Amino acid sequence: MDLSLMNKEQKKAIQSTEGPLLIMAGAGSGKTRVLTHRVAYLLEDRDVPARNILAITFTNKAAREMRERVSALITEGTQDMWISTFHSMCVRILRSNINHLGYENSFSILDPTDQKSVVKDILKRRNLDPKQHNPRNIIGFISDKKNQLIRPEQSIAEAAAYPDTLYSEMYHDYQQILYRNSALDFDDLIMLTIELFDKEPKVLEYYQNRFQYIHVDEYQDTNHAQYRLITQLAAKYRNICVVGDSDQSIYKFRGADIANILNFEDDYPEAVVIKLEQNYRSSKNILDAANAVIENNTERKPKALRTARDGGPKLQNIVADSERGEAEEVVGNILDLAKKYSHSEMAILYRTNAQSRAMEDTFVKSNIPYKMVGGIKFYDRKEIKDLMSYLKVVLNPNDDISFERIINTPKRGIGPKTVDKLKAHGQATGISIFEGIKESDFIGIPKTAVVKLMGLVDLLEKLAQKSKFITITELVDEVLESTGYIEVLESEKTIEARSRIENLDEFKTVTREFDRDNEISDELLFAFLSDMALVSDQDGIEDDSGVTMMTMHASKGLEFKVVFIVGLEEGIFPSRRVIYDDKELEEERRLMYVALTRAEDHLFLSRANSRMIFGKTESNMQSRFLSEIPEELVEGGGAFAQDDFSSTGSAPKKRTPKRSRVVTNNSGVSFAIGDKVSHKKFGDGIISAIKGEGDSQELDIIFTKVGVKRLLANFAPIEKKE
DNA sequence: CGGCAAAAAGGCATT
DNA sequence: CTTTTTGCCG
């Protein structure tokens with residue numbers, strides 16, 4: 001293995017193959033190169049069989065790329081090596097072993113929509129009001145428990161007070177329903193694998209022996225369950241290599257525990273620790289800005305990235321009037337830069353997917369090619385979900401959740417009454433809807449409905465038999481035709497129906513690709529469905545040309561020559577909900593750090609003086625993260641000072657001077673964002689945002705004593721200070 | 001039972 | 001502003 005291009009630390013990381021190893025890899029420090037070379041080194045120089053290596057990545061796309069890059073380095077095959085995400089790995093393990101836990105090996109994987117409908121069902125059955133108990137919160141509660149490996153029984157026992165007591169009961173219901181359906185949600189994939197290993201030591205030992213060398217990427221974003229799983233697998237050989245950067249931990253909201261990486265040396269006292277602090281990606285100005293921002297976090301181990309790339313262009317500041325103006329400025333700069341860079345070397349990063357709309361509109365108008373990551377989810381479309389539900393039922397007829405979706409789709413005269421009866425029957429006897437239909441003659445369902453139900457069961461059973469001998473594409477065609485789904489759409493002749501048909505055709509390009517890579521077998525349908533369930537938004541990014549638009553979260557691990565970070569306003573980024581929570585604010589700052597360090601050459605920082613949010617115009621102060629960037633790194637210097645609304649350096653000339661939004665109240669006094677005011681009751685404060693129009697304009701004011709208040713501009717008893 | 005229109009609700013980041 | 005739910009009528 002040729003390691004001559006590696007620095008000292010990188011070499012050490014690659015060659016320290018035995019025992020626990022922690023690689024603290026700063027942004028752009030060549031982490032992926034180190035990982036791929038390390039794996040290649042194991043295979044070629046240490047003669048470790050491919051089947052004894054496991055590498056866990058954050059996305060399926062990263063897994064694919066890693067396999068390709070390792071294959072390019074060596075002559076041996078990499079087929080037997082497991083490179084996958086936590087979830088894909090668990091699906092694979094459970095597929096062969098979950099019967100030990102009483103589930104069917106042809107289990108279904110629930111998507112978030114399915115989860116929601118299960119919870120809604122539970123609420124209905126318990127006669128609870130979904131307004132009082134938001135299904136989202138309940139799903140969140142259940143997910144938290146599962147990430148902490150707390151089973152329903154334990155959750156009930158530990159619940160101290162309402163609503164935890166109630167939610168624990170509902171968690172119990174939920175888990176029972178899933179079990180009866182042989183359905184697993186995403187969190188179950190991890191939790192049940194651990195449970196399997198606890199219950200069946202022989203199975204665990206098999207995988208311990210199999211995975212003698214374990215690698216985990218993005219270790220700072222693992223949750224407790226994932227941590228436990230890795231601990232179990234690595235317990236025998238202790239060849240565990242984890243890579244991460246605590247400054248890039250951005251998934252706490254879904255259970256990631258930064259302690260996993262911080263405590264690694266306690267878990268493995270013999271661990272070797274290597275720091276990669278040499279950055280190969282960004283120019284000095286960009287890196288200095290990122291370092292300056294992240295230093296504002298108090299809860300971190302000091303660390304400073306170095307770069308060999310001197311200077312580079314300064315950061316550029318964009319201030320626009322509206323979100324539309326912001327998009328236009330971004331487009332203007334892209335047109336300028338297009339001489340030097342290809343579109344695919346540029347990216348636009350935002351905090352939330354909702355912000356993409358204005359960007360997208362402007363891009364369409366100006367004819368710049370772009371690709372969006374996430375957001376509009378292809379697989380969330382009704383017709384795709386219907387089709388997937390058919391496939392899920394063909395594989396696992398006991399999946400009531402999917403079965404309910406298709407029992408009357410397309411319309412075949414089976415109404416809610418009939419479905420209710422089947423469900424009630426199922427609950428009483430413990431059998432699935434599918435099985436219940438066979439007894440439907442006896443539970444008070446009208447004869448006509450019974451005939452239709454029988455026809456459906458017959459159809460599904462035929463499809464299930466066929467599915468073992470045909471490709472997925474053929475199966476999809478069978479489903480669409482034999483159910484009459486396509487026929488109904490074709491007869492509709494509306495634009496909408498037409499686009500649905502197009503989407504289904506589009507779906508078949510996915511199945512064709514899958515069929516090309518996979519042989520026909522009993523496993524085929526299961527493999528297809530679990531692949532589909534686990535595709536993430538980030539997996540959609542392919543190399544084709546066009547400017548990339550995505551959330552900052554989705555940008556982790558990627559790099560671009562030119563990066564625009566847009567919507568840098570208080571309340572947008574950092575998000576309104578975290579501004580008064582120091583812990584969460586630090587996570588938000590880490591997200592800023594991730595976004596900044598994506599850029600190699602050019603970095604634009606953009607905000608708008610006002611924008612539409614939920615149908616209302618809002619004005620927000622500039623993001624505090626902007627003020628944390630030293631002035632001298634920015635084009636024109638001092639561009640981020642609070643009162644400066646000057647425009648950027650090299651953008652199109654047509655811009656008009658920008659002015660902050662001003663409100664005049666009934667007494668004729670004007671207020672602007674950033675003004676210091678004094679309130680009769682709340683004391684001193686500063687105006688952070690102006691929203692709404694006309695008489696209903698509101699001010700968000702941060703008071704020193706009582707925190708943030710939203711007041712009507714016209715009537716608030718406030719006076720301007722200074 | 002099915003279809004349409006009006007009303008209401010929800011609204012971050014994701015495997 | 002969008003998406004989902006509800007309610008009414010043929």
Side-chain angles (χ1 to χ4, degrees), chain A residues 56-63 84-91 109-113 115-117 120 129-131 134-137 139-140 143 146-147 184-191 218 221-223 225-226 249-256 323 349-358 373-377 379-382 408-419 446 448-449 452 488 492 530-540 550-556 567 571-578 584 587-588 590-592 594-595 611-618:
Chain A
I56 295 176
T57 57
F58 203 64
T59 63
N60 294 299
K61 183 178 173 244
S84 70
T85 62
F86 272 105
H87 292 90
S88 316
M89 170 178 82
C90 290
V91 168
I109 300 171
L110 250 57
D111 69 24
T113 324
Q115 275 182 294
K116 206 169 147 196
S117 67
K120 279 185 174 170
D129 183 6
K131 276 160 216 145
N134 187 335
R136 248 183 103 106
N137 295 342
I139 292 169
S143 178
K146 289 184 175 178
N147 288 338
L184 277 64
D185 64 22
F186 288 126
D187 301 315
D188 280 338
L189 295 174
I190 316 277
M191 181 175 80
E218 307 286 7
D221 280 325
T222 50
N223 62 33
Q226 292 165 334
S249 160
I250 54 173
Y251 283 110
K252 189 173 172 220
F253 69 89
R254 66 174 207 219
E323 73 268 35
L349 309 181
Y350 34 76
R351 180 61 176 81
T352 68
N353 275 312
Q355 289 168 254
S356 67
R357 175 154 290 161
V373 180
I376 30 111
K377 293 197 182 85
Y379 299 101
D380 275 354
R381 287 163 208 260
K382 183 182 181 301
N408 198 31
T409 314
K411 303 277 183 300
R412 46 173 76 90
I414 300 165
K417 282 241 173 79
T418 303
V419 176
T448 48
K452 283 166 181 153
V488 170
E492 270 185 37
S530 45
D531 268 20
M532 287 297 108
L534 299 177
V535 285
S536 78
D537 289 339
Q538 291 161 70
D539 296 329
M550 63 183 148
T551 63
M552 299 180 210
H553 280 94
S555 76
K556 192 168 73 164
I572 307 281
F573 185 43
S575 161
R576 174 150 299 122
R577 30 200 301 173
V578 311
E584 298 214 49
E587 169 138 327
E588 204 82 347
R590 289 195 291 271
L591 184 57
M592 178 67 172
V594 168
R611 68 174 68 236
M612 287 275 270
I613 292 171
F614 299 149
K616 277 187 186 158
T617 309
E618 278 192 18

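Note that the structure is predicted; figures quoted are calculated from it, not measured.
Regarding A/Met612, its CE atom lies at a distance of 9 Å from the P atom of C/dT2, rounded to whole Å. Put simply, CG on A/Asp531 is 14 Å from C1' on B/dT15, counting in whole angstrom units. In this structure, the CZ atom of A/Phe573 is 13 Å from the P atom of B/dA13, given to the nearest Å. When rounded to the nearest whole Å, the span between CD of A/Glu218 and P of B/dT15 equals 13 Å. With rounding to whole Å, A/Phe58 atom CZ is found 15 Å from B/dA13 atom P. Distance CZ (A/Arg576) to P (B/dG11): 16 Å, rounded to an integer number of Å. Atom pair A/Lys120:NZ and C/dT6:C1' shows a separation of 13 Å (rounding to whole Å applied). To the nearest angstrom, P of B/dG11 lies 17 Å from CD1 of A/Ile572.
When each of B/dC1, B/dG11, B/dG2 is scored by its nearest atom to the side-chain atoms of A/Arg136, the top-ranked nucleotide is B/dG11. For A/Arg357, taking side-chain heavy atoms from C-beta onward, the closest of the listed nucleotides C/dT2, B/dT14, B/dA13 is C/dT2. Ranking C/dT4, B/dT14, B/dG2 by closeness to the A/Lys411 side chain, first place goes to B/dG2.
Residue-level contact check: A/Lys382 touches neither bases nor backbone, having no heavy atom under 4.0 Å from any strand. At the heavy-atom level, A/Asn408 lies under 4.0 Å from the strands shown only through sugar-phosphate atoms.
C/dT4 and B/dA13 have their C1' atoms separated by 23 Å, with the value rounded to a whole Å.
Side-chain N/O atoms of A/Arg412 include none lying less than 4.0 angstrom from OP1 or OP2 on B/dC1. Applying the 4.0 Å criterion to OP1 and OP2 of B/dT15, one finds that A/Thr59 has every side-chain N and O outside that range. Put simply, A/Lys556 has no side-chain N or O that comes within less than 4.0 Å of OP1 or OP2 on B/dT14.
With the nearest nucleotide of DNA chain B identified for both A/Thr85 and A/Thr352, A/Thr352 has the one nearer the 5' end. Nucleotides of DNA chain B nearest to A/Gly413 and A/Arg254 differ in position, and the one nearer the 5' end is that of A/Gly413.
The pair A/Glu588-A/Arg351 meets the salt-bridge criterion, with a side-chain N (NZ, NE, NH1 or NH2) lying under 4.0 Å from an Asp/Glu carboxylate O. Electrostatic pairing of A/Glu218 and A/Lys556 counts as a salt bridge here, judged by a charged N lying under 4.0 Å from a carboxylate O.
Between A/Phe253 and B/dA13, a base-stacking contact is recorded: ring centres under 5.5 Å apart, planes less than 30° from parallel.
Ring geometry for A/His87 against A/Phe186 counts as perpendicular: the plane angle is over 60°, on a 0 to 90° scale with 30° as the lower cut.
For A/Phe573, the ring-ring contact (aromatic ring centres under 6.0 Å, His included) partners are A/Phe625, not counting sequence neighbours.
The shortest distance between side-chain heavy atoms of A/Val419 and A/Asn408 does not fall below 4.5 Å.
The base-pairing partner of B/dA5, taking Watson-Crick or G-U wobble contacts with both distances under 3.5 Å, is C/dT6. For B/dA13, there is no paired base (Watson-Crick or G-U wobble, both distances below 3.5 Å).
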Report the C-alpha distance between A/Tyr350 and A/His553 in whole Å, list the side-chain angles of each, state the deciding distance to 0.1 Å, and finish with yes or no for ring pair (Phe, Tyr, Trp, His ring centres under 6.0 Å). CA-CA 9 Å; A/Tyr350 34 76; A/His553 280 94; over 10 Å; no

